[in-house]
There are 2 protein chains.
Amino acid sequence: MSKPVTISDVAARAGVSPTTVSHALSGRRSVSPSALARVKQAADDLGYRPNQVASSLRTQRTHTVALIVPDIANPYYPAVARGLHDAIAADGYYTTIGSTDGERETELGFLDEMVRRSVDGIIVFAFAMGEEDLTRVVPARIPLVVATHNLTNAHDQVNSDDPAGTETATRHLLAQGITEIAFVSGPKGRGPGDRRLTGYTQAMHSAGIVPTASDIIRSDYTVAGGRQAVGELLSRPRPPRALVCANDLIAIGALEAARDAGVAVPADLAVIGFDDVDAASLVAPPLTTVVNPAYEMGRQCGRLLLDRLIEGYDGPPRSVVVPTHLIIRATA
Amino acid sequence: MSKPVTISDVAARAGVSPTTVSHALSGRRSVSPSALARVKQAADDLGYRPNQVASSLRTQRTHTVALIVPDIANPYYPAVARGLHDAIAADGYYTTIGSTDGERETELGFLDEMVRRSVDGIIVFAFAMGEEDLTRVVPARIPLVVATHNLTNAHDQVNSDDPAGTETATRHLLAQGITEIAFVSGPKGRGPGDRRLTGYTQAMHSAGIVPTASDIIRSDYTVAGGRQAVGELLSRPRPPRALVCANDLIAIGALEAARDAGVAVPADLAVIGFDDVDAASLVAPPLTTVVNPAYEMGRQCGRLLLDRLIEGYDGPPRSVVVPTHLIIRATA
DNA sequence: CTGTTAGCGCCTTCAT
DNA sequence: ATGAAGGCGCTAACAG
């Protein structure tokens with residue numbers, strides 16, 4: 001259990017002051033070649049590794065970014081995390097991830113802890129809390145990127161272009177002459193369903209069709225939920241010819257419901273999902289869906305943060321919209 | 001850009017010393033009721049939040065655990081991360097995750113940085129580096145849990161019971177009277193394929209069958225790789241009647257290859273996967289597979305760490321084996 | 001029950 | 001080109 005090597009140890013061995021060691025290793029001020037060589041040698045010999053905690057206390061920088069999501073095990077977020085990682089790793093930033101299960105208390109607790117830890121930036125995907133909570137818990141000095149739609153005007157934000165995605169999907173169906181199209185959403189006011197609904201409505205209106213209440217189905221964002229909701233839908237006297245679903249899991253549930261009911265996809269029922277999770281290309285038949293670029297979302301969040309952290313951008317909040325696009329497989 | 005509130009600010013407002021504030025808030029030594037009340041009030045008024053960086057420098061504890069994996073976007077690892085999170089969050093530990101793409105330099109760099117940051121523990125799932133690298137980079141004082149098979153005797157380790165899993169899977173096929181069973185592995189010496197192969201071999205031997213070299217197929221761990229390898233296999237003059245695959249992605253590729261070749265599953269070709277990723281239950285037909293409990297793996301890693309970090313266990317390295325089990329769906 | 005003192009390891013003036 | 005000194009904010013040892 002030998003003690004870690006400190007900068008003083010290196011200084012002693014190199015016959016210089018700690019100050020010179022610090023500068024020799026950081027390059028922040030010039031050091032004579034001979035001193036430089038001796039310091040490097042000594043550091044090497046001793047296996048010196050600068051203590052980042054001490055450095056952070058002194059410099060007020062931790063080179064750490066906090067990512068707060070509902071559940072890292074939900075297939076969407078790992079891709080976000082990876083995109084973020086790839087955007088910031090090269091500049092020496094690391095990520096601490098918190099899963100909050102969408103519970104307000106947990107979210108607040110995690111944010112509070114990250115502030116205590118002096119993280120250099122925070123990225124928020126989770127949201128049971130409101131904007132007031134956010135501004136109360138996170139001091140203005142810490143850059144914040146919000147990736148939950150419509151929540152903020154006070155912070156940088158990154159969103160995927162959900163309306164454009166479902167609009168394109170719906171148009172794809174309309175172009176095939178299909179007009180009886182239902183939208184299968186999540187619970188009202190929760191998650192991206194509402195934003196995605198607007199694109200569908202938009203496209204329908206453009207085609208001169210006014211969707212009725214019975215064309216908009218509420219589900220949750222799971223396979224089981226989609227299966228049940230669509231099962232009921234298919235037992236109606238006059239079921240729709242196509243479905244635009246708020247996410248892939250619902251769409252996969254819809255596929256199962258169609259199979260249960262002996263309805264052929266896409267001949268009798270066309271199905272389009274949203275997200276393009278891995279499973280989308282693996283189900284049978286492979287799912288036509290809107291690509292929601294999670295990786296890119298994470299990357300953009302990282303870039304906005306670095307812009308403030310490294311480039312010194314200090315202007316007003318900015319909004320990045322990440323484009324979505326339709327990928328046509330076999331269900332529509 | 002107001003400066004953060006420090007313990008001295010609280011002390012001044014409460015009319016006590018910083019020491020008393022520290023103890024009042026941590027409860028590590030008793031404080032008079034009146035002082036306690038004044039401190040709490042003052043802390044509340046000022047919105048004081050203890051600086052964890054300073055605390056860490058003083059206490060030599062960061063309450064942070066590093067998790068190193070090849071790729072957080074690979075569906076297996078988020079479940080591990082969640083299991084770890086759930087095991088340690090209640091005790092105030094947080095996780096920093098590094099994706100290394102299995103590159104030795106990246107792995108070493110990440111580990112080195114985590115040591116500099118004085119993390120309290122490290123969990124290693126990634127491995128291009130060898131055990132010498134590990135012991136060289138990570139000082140003995142930092143508890144380490146290794147979840148890469150057979151790499152260590154010097155550290156705590158957590159493994160899933162791979163051999164038992166494939167043995168059960170193979171027996172399940174043998175019990176149906178099927179004897180022409182091939183094993184589709186990954187690249188030799190990389191990943192869990194070799195360990196999973198042993199269970200297959202074991203079961204075959206028990207049934208008096210000696211697999212030949214042509215019964216063991218090399219692929220990578222992807223859908224595309226599995227599809228191609230099994231495609232070639234099926235074009236042999238006398239293809240096997242069943243496949244035990246080293247992971248689910250390979251198995252899903254096998255399903256595609258069977259469809260390509262017009263081979264009926266499971267009637268003409270039975271297929272068993274490994275892992276039980278989400279997609280396994282979603283493909284058609286739903287995949288029979290061995291459940292490899294990623295969440296539980298992560299949880300056990302966390303427990304081993306906490307045992308040393310909190311309980312003060314200081315004995316020899318321990319090994320935890322997480323059981324696997326077969327889940328029978330429609331492909332075998 | 002409370003306070004004073006010291007120092008965790010580093011970086012950054014300031015002085016030379 | 002180099003060093004001495006001070007302090008980031010906190011907590012532990014020591015003293016009362």
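Order of the sequence lines fixes the chain letters, A, B, ..., with proteins taken first and strands second; residue numbering starts at 1 for each chain.
- Using the six-membered ring where Trp is involved, B/Y77 and B/F125 have ring planes that are perpendicular, over 60° apart on the 30 and 60° scheme.
- With rounding to the nearest 0.5 angstrom, the CD atom of A/Q157 is 11.0 Å from the CG atom of A/L144.
- Within residues 13-30 of chain A, the residues that place at least one heavy atom under 4.0 Å from DNA chain D are, in residue-number order, A/V16, A/S17, A/T19, A/T20, A/R29, A/S30.
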Self-check item: side-chain hydrogen bond (donor to acceptor under 3.5 Å, both in side chains) between B/R117 and A/T64, worked out
Solution: CA-CA 10 Å; B/R117 291 182 175 219; A/T64 300; 2.6 Å; yes
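- Within a 6.0 Å sphere centred on CZ of A/R28, heavy atoms belonging to other residues, nucleotides or ligands number 12 at most.
- Read 5' to 3', the first and last nucleotides of DNA chain D with an atom closer than 4.0 Å to a heavy atom of chain B are D/dG9 to D/dC14.
- If you take CD of A/Q60 and P of C/dT12, they are 11 Å apart, rounded to a whole angstrom.
- Straight-line distance from the CG atom of A/L57 to the C1' atom of C/dC10: 8 Å, rounded to whole Å.
- Heavy-atom contacts from other residues, nucleotides or ligands closer than 6.0 Å to CZ of A/R303 number 12 or fewer.
- Under 4.0 Å is where a charged nitrogen must lie from a carboxylate oxygen, and between A/R104 and A/E107 no such pair does.
- To the nearest 0.5 Å, atom CD1 of residue B/I122 and atom NE2 of residue B/H155 are 10.0 Å apart.
- Rounded to whole angstrom, the span from the CZ atom of B/R117 across to the P atom of C/dC10 amounts to 15 Å.
- Between C/dG9 and A/Q52, no contact under 4.0 Å exists linking OP1 or OP2 to a side-chain N or O.
- Within 4.0 Å of A/P50, counting heavy atoms only, lie sugar-phosphate atoms of the nucleic acid but no base atom.
- Few gaps surround CZ on B/R136; more than 12 heavy atoms of other groups in view lie less than 6.0 Å from it.
- Of the two residues near DNA chain C, B/R58 and A/T59, the one whose nearest nucleotide lies more 5' is B/R58.
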